[in-house]
Trainee: 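Would you mind keeping the following structure in view while I ask a few things?
Residue numbers start from 1 in every chain, and the chains themselves are labelled A, B, ... in the order their sequence lines are given, proteins ahead of strands.
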Protein chains: 2
Amino acid sequence: MTQMATIDSVMRTLADPTRRAVFERIVSSDEITVAELTRGSGVTQGAISQHLKSLKLAGLVAERPEGRKVFYRAEPEGLAPLVDWMSHYGVFWRERFANLRTLLKEIDP
Amino acid sequence: MTQMATIDSVMRTLADPTRRAVFERIVSSDEITVAELTRGSGVTQGAISQHLKSLKLAGLVAERPEGRKVFYRAEPEGLAPLVDWMSHYGVFWRERFANLRTLLKEIDP
DNA sequence: CAGATACTTAGGCATCTGCCTAAGTATCTG
DNA sequence: CAGATACTTAGGCAGATGCCTAAGTATCTG
């Protein structure tokens, strides 16, 4: 997805524990294959593949096929909708800064 | 809920669009009744009441009964699990600060 | 007290979702 | 080419979820 995903798709995608665990594992590794993600996940490769499809549609991960393997990596901008949402509805965060993005620029221009 | 909710409950609770809209509306107002939340929500008061129960269990809102009305307000610490999760798995945010909470203290000690 | 108002909760229902098995596609290896 | 490996996708199913109607509880008002 090069198109910006919505807060709705991001939230819904990360709401499932198994899928979120897959995402966390992808983030924690540079690149990782489906087989590796399946190992220790407690579900079948088919299930993992379905979760990866959801994560990809939500713009949270990207794939890189190489031979018969497919490597997945985290899409850095994928959580932007969540960050934006937090900056609006983050309650006690909102009270301190109008926009997290603005803050980020001040720190790391 | 005085007990700290989990990232799981927070994510799952905010995943539903209707329930998230209810939360957003509570955040945007200081205090608000169930009847007001029902108005323009597109669902019945019963449904709103059920969503409020979920939000309360997730630690996202608090209630204050007054007569036959019940006022709801946002629970500022409710999104803490989400903030913590972001600081761990926020990918390009993580690269910039180890912990959003630490950052917060630096800005607003 | 009787009725109205504000809200919660129970029961039921249709839809959604996550998982499994199994089949299908593509690549590598002997 | 035959078989193995890596992955995706289709079909089906059991459980979860969100909503509605309607009943139940509590408070206010005449």
Trainee: Given dA6(C), dT8(C), dT8(D), which nucleotide is nearest the side-chain atoms of L52(A)?
Mentor: dT8(D)
Trainee: Closest approach to the side chain of K53(B), judged atom by atom: which nucleotide of dC19(D), dC7(C), dT9(C) is it?
Mentor: dT9(C)
Trainee: Side chain of R25(B), backbone of E36(B): donor and acceptor closer than 3.5 Å?
Mentor: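 Yes, the answer is positive, given that a donor and an acceptor are paired below the 3.5 Å cut-off.
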Trainee: If you check every side-chain atom of V70(A), which of dT17(C), dT17(D), dT8(D) has the closest atom?
Mentor: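 So the nucleotide nearest the side chain must be dT8(D).
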Trainee: Measuring from the side chain of V34(A) (C-beta onward, heavy atoms only), which nucleotide among dC7(C), dC20(D), dC7(D) has the closest atom?
Mentor: dC7(D)
Trainee: Taking the side chain as every heavy atom from C-beta outward, state whether V27(B) and H88(A) have any pair of such atoms under 4.5 Å apart.
Mentor: no
Trainee: Over how many whole Å does the gap from Q50(A) atom CD to dA23(C) atom C1' extend?
Mentor: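 Going from CD in Q50(A) over to C1' in dA23(C) covers 14 Å.
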Trainee: Could you tell me which non-hydrogen atom of E75(A) sits nearest to which non-hydrogen atom of G59(A), and how far apart they are?
Mentor: CB-O, 3.3 Å
Trainee: When you measure from the side-chain N and O atoms of Y72(B) to the phosphate of dT8(C), is any distance below 4.0 Å, counting only OP1 and OP2?
Mentor: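 The answer is yes; a side-chain N or O of Y72(B) sits under 4.0 Å from OP1 or OP2.
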Trainee: Nearest to the V43(A) side chain among dC7(C), dG18(D), dC20(C), which nucleotide is it?
Mentor: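 Minimum distance to the V43(A) side chain belongs to dC20(C).
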Trainee: Nearest to the side chain of H51(B), heavy atoms from C-beta on, is which of dT8(D), dG18(D), dC28(C)?
Mentor: dG18(D)
Trainee: Which heavy atom of I26(A) sits nearest a heavy atom of A74(A), and at what distance?
Mentor: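 It is CG2-N, 3.4 Å.
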Trainee: Atom CZ of R68(B) and atom P of dA6(C): how far apart are they, to the nearest Å?
Mentor: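 In whole Å, dA6(C) P and R68(B) CZ are 6 Å from each other.
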Trainee: Once Watson-Crick and G-U wobble pairs under 3.5 Å are found, how is DNA chain C written in dot-bracket notation, 5' to 3', with | for any base paired to another strand?
Mentor: ||||||||||||||||||||||||||||||
Trainee: Report yes if some heavy atom in the side chain of L60(B) is under 4.5 Å from a heavy atom in the side chain of L14(B); otherwise report no.
Mentor: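 Heavy-atom side-chain distance check passes, below 4.5 Å.
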Trainee: Reckon T18(A) has a side-chain N or O less than 4.0 Å from the OP1 or OP2 of dC19(C)?
Mentor: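 Yes, within the criterion.
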Trainee: Tell me the closest heavy-atom pair linking P81(B) and A5(B), and the distance in Å.
Mentor: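 Taking P81(B) first and A5(B) second, the nearest heavy atoms are CG-O, 3.4 Å.
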Trainee: Answer yes or no: is there a side-chain heavy-atom contact under 4.5 Å between H51(A) and L37(A)?
Mentor: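 No. Closest side-chain heavy atoms not under 4.5 Å.
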Trainee: Reckon F71(B) touches a base, only the sugar-phosphate, or nothing at all at heavy-atom distances under 4.0 Å?
Mentor: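 No contact.
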Trainee: In whole angstrom, what separates I48(A)'s CD1 from dC7(D)'s C1'?
Mentor: 12 Å
Trainee: Please compare R19(B) and E66(B) by the position of their nearest nucleotide in DNA chain D and report the one closer to 5'.
Mentor: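 The residue closer to the strand's 5' end, by nearest nucleotide, is R19(B).
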Trainee: Would you kindly give the CE-to-P distance between M11(B) and dG18(C), to the nearest whole Å?
Mentor: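 Roughly 14 Å, once rounded to whole Å.
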Trainee: Please report, rounded to the nearest Å, how far the C1' atom of dA4(D) is from the CD atom of Q45(A).
Mentor: 14 Å
Trainee: Let me see the working for I7(B) and L82(B) under side chain to side chain contact (heavy atoms under 4.5 Å, CB included), right down to the final yes or no.
Mentor: CA-CA 6 Å; I7(B) 180 65; L82(B) 198 50; 3.8 Å; yes
Trainee: Atom CD of E36(A) and atom C1' of dC7(D): how far apart are they, to the nearest Å?
Mentor: 14 Å
Trainee: Whole-Å distance between dC28(C) P and K69(A) NZ?
Mentor: 11 Å
Trainee: Under 4.0 Å between a side-chain N or O of S49(A) and OP1 or OP2 of dC7(D)?
Mentor: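 So the side chain of S49(A) is outside the cut-off, no N or O lying under 4.0 Å from OP1 or OP2 of dC7(D).
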Trainee: For a quick test of reading the model: is some side-chain N or O of T44(B) closer than 4.0 Å to OP1 or OP2 of dC20(D)?
Mentor: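 Yes, T44(B) has a side-chain N/O under 4.0 Å of OP1/OP2 on dC20(D).
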Trainee: In whole Å, I'd like the distance from the CG atom of L55(A) to the C1' atom of dT17(C).
Mentor: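 Roughly 15 Å, once rounded to whole Å.
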